[in-house]
Asks: 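Please see the structure below; I have some questions.
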Amino acid sequence: MKIVKEGDKNKAVCQFCGLQSITYALRDVPFSDNNGVVRNILAGICDKCDNVVSIPRQSTPKIKAAYNEVKRSAEYRVPAHFIDILSLASNRIDDEIGDTLSKPLLLYYLHKLNTGVISSSRLKELLASELASAPSTKRLSLKITERTEKELSSVVQKSGLQNNTDVIKGIILKIYEDIVQPKTPKHIKELKSIAATFG
Amino acid sequence: MGFNDTKTKAIKCLEAGDYDHEARQHIDVKNLFACGQVSEEDVIRLINKTKGAQYEKSPHHFDKSVMVHIFKPMHQNATWYIKFYFIEPAAMFISVHK
C-alpha cells in the first residue's frame, strides 16, 4: 500500500482552482452533513487556495471510526399511545430512571430480533392488531449510530416489513406484549441489569 | 483509453492502494467508500461486474482536461455508482454509492 507523508506532493482537481498541485498536511475534515469531524488526518490541500481537496487512502480507518461513532437523528411517526407504552415499560423495569430506558429498550429488542433470539415474524402480526390501529400523530426522535441503522435494515428484510418505522412500531407492540401486559414482564432479570448500569 | 483498459487500471490502483478519495472541503457521507462502509474488495467486485453498457465518461465539472469515468453496475437489485479519474499513475475516487 502506498503511504503518503506530510509535505508530499500530488495533483488533484480542486473545485475552485481546477487541476492543481496539492500538498499533504494534517487537517480536521468535517462530514458533509455537519454531523461530526474527523480530527487531525492527512489531507491533500490545494496549493493555490488552501482548501481540502483529497484524502489519502491511509486516512480511511480513522474516517470509518469517526463515521461509525457519529449518531444521526432518526424520526419515526407513531401513534400517541406507543410513546406511553415505552414509558410504561421503562417504568416497569426501573421506576427510578424510567424514561431513560426507552431507547435502550428499543435497541435491546432490535438486537434480539436481528440475531434471531426473538422471531421477527411476530412483528407483522402485531402491526395488524387492534392496538396498532391509530393515526401516527407523534414523532419518536432517536439519535442512532450506523450500526443501529444496519440492524434496522436487516430486521426490515428478515421480517418482510416495509420500512424502519414499521419495525420500530412492531417492536413497541412487542414490548407491550412482553413487558407491559403480563403480570411478570419477560426478560426482566436481564433488563434490570441493564437499568442498573445507568447508575 | 477504452472500457476494458479503464477497468483494469482502476482495479490495479485499488489492489495497490494507489488512490485518494476526492474531498470537496468535507467528506461526503454518501460516499460509502470514503467513509469506510465499503471495502476495496467490494469496489473491485463491483468494477468487475460492470458491463460495457454500464460505463460512461465525461469531463470533470471543475476541469475539462480531466476525464471522469463512471461505472454503474447492478448488484443485489441496486444500481451502484463508481466515479473516479486518473492522476497518473494513481486514481482519485470521487464517490462510490448506490
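Given the structure is predicted, the values throughout are model-derived calculations rather than measurements. Each chain gets a letter, A, B and so on, in the order the sequences are listed, and its residues count up from 1.
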Asks: At a 4.5 Å cut-off on heavy atoms, which part of Asn34(A) comes close to chain B: side chain, backbone, both, or neither?
Replies: neither

Asks: When rounded to the nearest 0.5 angstrom, what is the spacing between CD in Gln15(A) and CD in Glu22(B)?
Replies: 8.0 Å

Asks: Non-hydrogen atoms of chain A under 4.5 Å away: do they reach the side chain of His21(B), the backbone, both or neither?
Replies: both

Asks: Check whether Glu88(B) gets within reach of chain A through its side chain, its backbone, both or neither, counting any heavy atom under 4.5 Å.
Replies: neither

Asks: Give the cluster check for Met92(B) versus Ile47(B): same hydrophobic cluster or not, with ILVMFWY residues linked at side-chain heavy-atom distances below 4.5 Å.
Replies: no

Asks: Assigning hydrophobic clusters by single linkage (Ile, Leu, Val, Met, Phe, Trp, Tyr; side-chain heavy-atom cutoff under 4.5 Å), is Leu123(A) placed with Ile179(A)?
Replies: yes

Asks: What's the spacing between His26(B) NE2 and Ile55(A) CD1 if we round to 0.5 Å?
Replies: 10.5 Å

Asks: For chain A, find which of Ser65(B), Cys35(B), Ala90(B), Gly36(B) contributes the most heavy-atom pairs closer than 4.5 angstrom.
Replies: Cys35(B)

Asks: With a 4.5 Å cut-off on side-chain heavy-atom distances among I, L, V, M, F, W and Y, is there a chain of contacts connecting Met1(B) to Ile82(B)?
Replies: yes

Asks: Please determine whether residues Val66(B) and Tyr19(B) belong to a single hydrophobic cluster, defined as Ile, Leu, Val, Met, Phe, Trp and Tyr linked transitively by side-chain heavy-atom distances below 4.5 Å.
Replies: no

Asks: Under 4.5 Å between side-chain heavy atoms, counting indirect links through other Ile/Leu/Val/Met/Phe/Trp/Tyr residues: same cluster for Ile85(A) and Leu142(A) or not?
Replies: yes

Asks: Within residues 3-12 of chain B, which positions have a heavy-atom distance to chain A below 4.5 Å?
Replies: none

Asks: For Phe33(B), which atoms come within 4.5 Å of any heavy atom of chain A: side chain, backbone, both, or neither?
Replies: backbone

Asks: Would you please test Leu19(A) and Ile87(B) for side-chain contact (heavy atoms from CB on, under 4.5 Å) and show each step?
Replies: CA-CA 10 Å; Leu19(A) 185 62; Ile87(B) 294 285; 3.6 Å; yes

Asks: Val29(B) versus chain A, heavy atoms under 4.5 Å apart: side chain, backbone, both or neither?
Replies: both

Asks: Under a 4.5 Å heavy-atom cut-off, does chain B meet the side chain of Cys14(A), its backbone, both or neither?
Replies: backbone

Asks: If you count heavy atoms of other groups shown closer than 6.0 angstrom to NZ of Lys98(B), is the number above 12?
Replies: no

Asks: Is atom CZ of Arg77(A) surrounded by more than 12 heavy atoms (other residues, nucleotides or ligands) closer than 6.0 Å?
Replies: yes

Asks: Starting at CG of Asn31(B), measure out to CZ of Phe31(A) and round the result to the nearest 0.5 Å.
Replies: 11.0 Å

Asks: Within a strict 4.5 Å, meaning less than it, do heavy atoms of the Gln25(B) and Phe16(A) side chains meet?
Replies: yes

Asks: Using a 6.0 Å cut-off, check whether atom NE2 of His187(A) has over 12 heavy atoms from anything other than its own residue.
Replies: yes

Asks: Please check: side-chain N/O of Asp20(B) versus main-chain N/O of Ser54(A), any donor-acceptor pairing under 3.5 Å?
Replies: no

Asks: Answer yes or no: are there more than 12 heavy-atom neighbours, outside Lys83(B) itself, under 6.0 Å from its atom NZ?
Replies: no

Asks: Between Val4(A) and chain B, which part of the residue has a heavy atom less than 4.5 Å away: side chain, backbone, both or neither?
Replies: neither

Asks: Look at Arg57(A), Lys11(A), Arg27(A) and state which one has the largest set of heavy-atom pairs under 4.5 Å with chain B.
Replies: Arg57(A)

Asks: Do you know which of Asp33(A), Val13(A), Val53(A), Val29(A) has the most heavy-atom pairs under 4.5 Å to chain B?
Replies: Val13(A)

